[in-house]
Every structure is written in structure tokens, then in C-alpha cells.
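This report concerns only the one structure given below.
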Amino acid sequence: NEIDIVEMECSALFSAAEKIKLKALALFYVSDVINQQPFYEMPQKLKSDALFGVLNAMIKAIMTR
């Protein structure tokens, strides 16, 4: 779809970490797929529960490496 984005919060985080000579890490995930599953089609509670489960799985995977 030729969609470009800029993630400003992580850009600021990485710039600050570089300035004070610390390593930084970010984890990006997409919860809405444009033209396939807009955020407003799924009930919010269901979406929250599903997202919470996925985030927990990602955190566990990262911590075991």
C-alpha cells in the first residue's frame, strides 16, 4: 500500500540513549492491519485480551534468550 510511517517516541528514545552512551532496545508490533482488520471491527475487550496474551508470549520469548 506504499504506507510510510515514522515512530517518533522510539526515535527520541534511541537519540537519548545514544547521547548518554546507553544501549536501547524497542519491540514493535502491529495490532491493526489496514484494509483487513480495522481496530473498530473487533470488540475492545476481545482485542485487549488477545493483545495481552501475545505481548506476554513475546516478553517470555525475549527473556528466555
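The structure presented is a predicted model; accordingly, all values stated were derived computationally and were not measured.
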*Is M63 reachable from L25 through a run of hydrophobic residues whose side-chain heavy atoms are each under 4.5 Å from the next?*
no
*Residues in side-chain contact (heavy atoms from CB on, under 4.5 Å) contact with L13, at least two apart in sequence or another chain*: A24
*Who else is in the cluster with I20 when I, L, V, M, F, W and Y are joined by side-chain contacts under 4.5 Å?*
L22
